[in-house]
Number of protein chains: 2
Amino acid sequence: MRITITDVARESGVSASTVSRVVHDNPRISDETKSRVRETMERLGYFPNALARGLAKSSTGNLGLILPNSSENLFVNPFFIEAMRGIGVEAQSRGYNIMFSFSNNEDEEVGFIRNYIKSRWVDGIILLTSRKNDRCMAYLRKKEFPFVVVGRPDKADSTLWVDNDNFHAVYDVVNLLIDRGSRSMAFVGGPEDFSVTRDRLSGYKQALSIRGLKEDSGLIGFGPDFSESGGKATMQALLTERRPDAVVTTDDYIAFGVIDALLEVGLDDIAVVGFNNTLRGRYQTPTLTSVDVNPAELGAGAAALLIDKVTRREGASDHRIIDTVLIERDSTSGILLKSGRKKPGE
Amino acid sequence: MRITITDVARESGVSASTVSRVVHDNPRISDETKSRVRETMERLGYFPNALARGLAKSSTGNLGLILPNSSENLFVNPFFIEAMRGIGVEAQSRGYNIMFSFSNNEDEEVGFIRNYIKSRWVDGIILLTSRKNDRCMAYLRKKEFPFVVVGRPDKADSTLWVDNDNFHAVYDVVNLLIDRGSRSMAFVGGPEDFSVTRDRLSGYKQALSIRGLKEDSGLIGFGPDFSESGGKATMQALLTERRPDAVVTTDDYIAFGVIDALLEVGLDDIAVVGFNNTLRGRYQTPTLTSVDVNPAELGAGAAALLIDKVTRREGASDHRIIDTVLIERDSTSGILLKSGRKKPGE
DNA sequence: TTGTAAGCGTTATCAA
DNA sequence: TTGATAACGCTTACAA
């Protein structure tokens with residue numbers, strides 16, 4: 001038989017409400033009673049039933065995690081498991097559970113969200129990608145249900161979000177490449193309607209301008225997605241008109257495609273930079289210089305923000321910026337070599 | 001205001017219990033009533049409260065997933081995210097939710113399990129690794145709580161499990177290498193007390209014996225873990241006594257270490273085989289031949305078995321074997337080249 | 001400082 | 001075929 005609050009109450013000669021108050025450490029219960037009740041709880045091995053509690057308080061202590069449509073790329077990318085870990089660890093440390101679901105498309109995502117909300121399983125929802133005109137966000141806003149998104153939303157009013165400073169990350173990369181001798185740098189991004197693409201493009205443009213280099217739209221390209229093939233095609237198109245000495249991309253997979261395109265026309269001394277510090281970038285030849293976006297911190301930040309919100313913490317802020325780290329590897333050593341400097345190690 | 005079952009009852013002129021029966025499609029409710037109630041539910045946007053339902057039925061429709069102590073290796077390994085996806089998709093398709101937690105050590109794992117069980121959040125638990133004398137399993141058995149483990153448990157009595165046929169997988173690998181000309185094949189495994197290590201070792205021995213090759217304990221080594229450094233050290237020790245022409249390992253990371261050790265002494269034509277088909281193996285040089293253990297299927301199988309169990313399905317079996325796939329790449333082309341055959345592509 | 005009692009939204013048992 | 005009614009286990013006014 002399971003031990004309920006009533007058992008504890010009877011056994012320690014108080015009412016169920018008193019036991020409930022002891023469990024919540026209500027200050028209006030005498031220390032004497034508290035210790036007596038606690039002793040009984042201990043002895044009986046009492047543990048509150050989360051469902052009953054949730055029903056009574058209409059809040060569960062669970063958060064729902066929506067993983068995006070599983071284009072293969074995503075699961076090959078350590079970003080997601082790392083972000084999940086960050087979310088999980090933060091949630092656990094604050095007594096929250098995480099429920100997750102994998103979806104194949106936006107419809108399914110909305111379906112899961114709907115289900116989470118209406119069945120009352122969760123107190124809040126974490127979205128792991130920020131798209132433009134995201135139907136998930138639209139739905140959540142309509143329902144006025146607490147949620148947080150990883151990636152800056154296009155319409156940020158009162159929306160919780162966590163992101164890197166993408167502008168600055170690229171700004172720094174571009175400056176570094178200029179320091180290393182680049183004079184004709186290309187930018188190959190993912191789809192232009194992702195805020196992450198636009199933010200990174202701004203960093204690129206701003207840095208060029210500050211350093212007195214002319215912006216050249218012929219050196220700027222956007223792929224149809226974040227894939228290798230997309231990156232390759234975009235680079236090939238770009239190469240028909242220009243010969244850059246460096247390429248900044250917005251994703252390692254795009255960078256892999258870019259490198260492919262470069263090698264195919266015999267260009268093996270162009271600096272290339274990716275994003276997300278993928279495992280493949282670490283081991284393929286040449287190893288790829290990449291910006292680590294710190295996915296675990298992004299996840300943890302998202303969970304923290306959302307929990308603050310659903311617990312109505314005072315002074316809870318509405319967003320958080322996570323630092324990036326530039327990891328230099330061989331793919332940016334080409335220019336270095338030409339300018340006579342030492343090739344950096346890993 | 002939330003719509004409850006009572007609202008629907010009042011609105012359609014029946015009792016709450018009738019509505020409940022309609023929701024569960026109870027055959028003893030007239031079609032006429034059913035359609036009328038359904039219409040009201042639709043109109044009002046009724047959705048059952050999962051907490052209330054769980055409380056009344058004492059079952060939740062949730063499963064708990066325990067991710068093992070996060071030695072870095074694990075998250076670099078696509079195994080886990082793929083297994084999670086398999087679990088998630090299977091669970092979703094059967095109306096179950098998954099809660100997960102990340103733990104740093106066995107104590108924490110047991111703590112999470114305890115919490116899941118006692119708080120009654122979940123109906124069953126999925127363990128993502130099978131260790132010998134696992135305290136999680138011991139605890140779950142003691143509590144008689146439904147669970148399934150990915151990996152064959154050492155004590156299988158009435159325990160649900162899903163695994164590959166590790167014996168056969170290695171048996172096939174060894175046969176292939178012998179066909180390709182190997183006459184002195186080493187085995188480098190992880191810790192010997194993992195059933196996966198022992199099963200794979202048996203496959204190795206059996207295949208050698210069938211093909212008339214002598215088993216040589218000097219060619220067999222076990223690392224302290226599943227890491228690259230462990231694999232390297234083990235191989236180095238082995239190399240002081242023997243010069244194999246092929247090495248079968250039980251993990252890609254072990255294989256990476258083995259290759260390192262081989263290259264350091266100038267051996268670049270030894271065939272090496274790994275397990276888990278990691279991304280790194282696909283892109284490093286040389287690309288690594290590896291056995292894909294099909295983690296998504298392992299996960300899906302685990303979820304299916306557990307759900308069958310908690311729903312008391314008739315004829316539910318207690319284990320499931322998932323096929324492996326051998327993926328040949330460059331690391332097994334050395335012997336091939338020597339024997340004059342064509343080097344296989346990716 | 002503590003107890004009583006109503007309520008959270010379902011399901012299940014027993015009657016009708 | 002349907003309805004009352006009592007659980008399920010906890011929280012929270014409101015009283016005392």
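To find a chain, count down the sequence lines: A is the first, B the second, and so on, and within it residues start at 1. Values in this document were obtained by computation on a predicted structure and should not be read as measured data.
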[X] [atom1] - [N] [atom2] separation (whole Å):
X        : N      : atom1 : atom2 : answer
B:Leu55  : C:dG9  : CG    : P     : 12 Å
A:Asn26  : C:dG3  : CG    : P     : 13 Å
A:Lys118 : C:dG9  : NZ    : P     : 14 Å
B:Arg120 : D:dG9  : CZ    : C1'   : 12 Å
B:Met41  : C:dG9  : CE    : C1'   : 15 Å
B:Arg10  : D:dG3  : CZ    : P     : 14 Å
A:Ile3   : D:dG9  : CD1   : P     : 11 Å
A:Lys57  : D:dC10 : NZ    : C1'   : 10 Å

Side chain of [X] only, heavy atoms from C-beta on: which candidate in [options] is closest?
X       : options               : result
A:Ser17 : C:dC14, D:dC10, C:dA5 : C:dA5
A:Arg21 : D:dG3, C:dG3, D:dC10  : C:dG3
B:Asn49 : C:dT2, C:dT10, D:dT2  : C:dT10
A:Ser20 : D:dT11, C:dT2, D:dC8  : D:dT11
A:Ser15 : D:dC10, C:dT10, C:dT4 : C:dT4
A:Thr18 : C:dT2, D:dT1, C:dC14  : C:dT2

Starting at the 5' end of DNA chain D and moving along, which residue's nearest nucleotide shows up first, B:Gly13 or B:Ala56?
B:Gly13
Upstream residue (5' side of DNA chain D) when A:Arg28 and A:Val19 are each assigned their closest nucleotide
A:Val19
Given 3.5 Å as the limit, does a donor-acceptor pair link the side chain of [X] with the main chain of [Y], or not?
X        : Y        : result
A:Arg21  : A:Arg28  : no
A:Ser195 : A:Arg152 : yes
A:Arg320 : A:Leu298 : no
A:Gln92  : B:Phe102 : yes
B:Asp123 : B:Ser59  : no

Counting only side-chain nitrogens and oxygens, does A:Thr33 get under 4.0 Å of the OP1 or OP2 atom of C:dT1?
no
Is a donor from one side chain sitting under 3.5 angstrom from an acceptor on the other, for B:Arg141 and B:Thr159?
yes
May I ask you to say what B:Val23 touches in the nucleic acid, namely base, sugar-phosphate or nothing, with a heavy-atom cut-off under 4.0 Å?
nothing
Take the C1' atoms of the five end pairs on each side of the helix from C:dT1-D:dA16 to C:dA16-D:dT1, get both axes, and report the angle to 10 degrees.
40°
Should A:Arg10 and A:Thr4 count as side-chain neighbours, where that means a heavy-atom distance under 4.5 Å?
no
Between B:Ala16 and A:Lys34, just flag the one whose closest nucleotide in DNA chain C comes earlier from the 5' side.
A:Lys34
Nearest heavy-atom approach of A:Asp323 to A:Asn164 is O-ND2, 4.0 Å
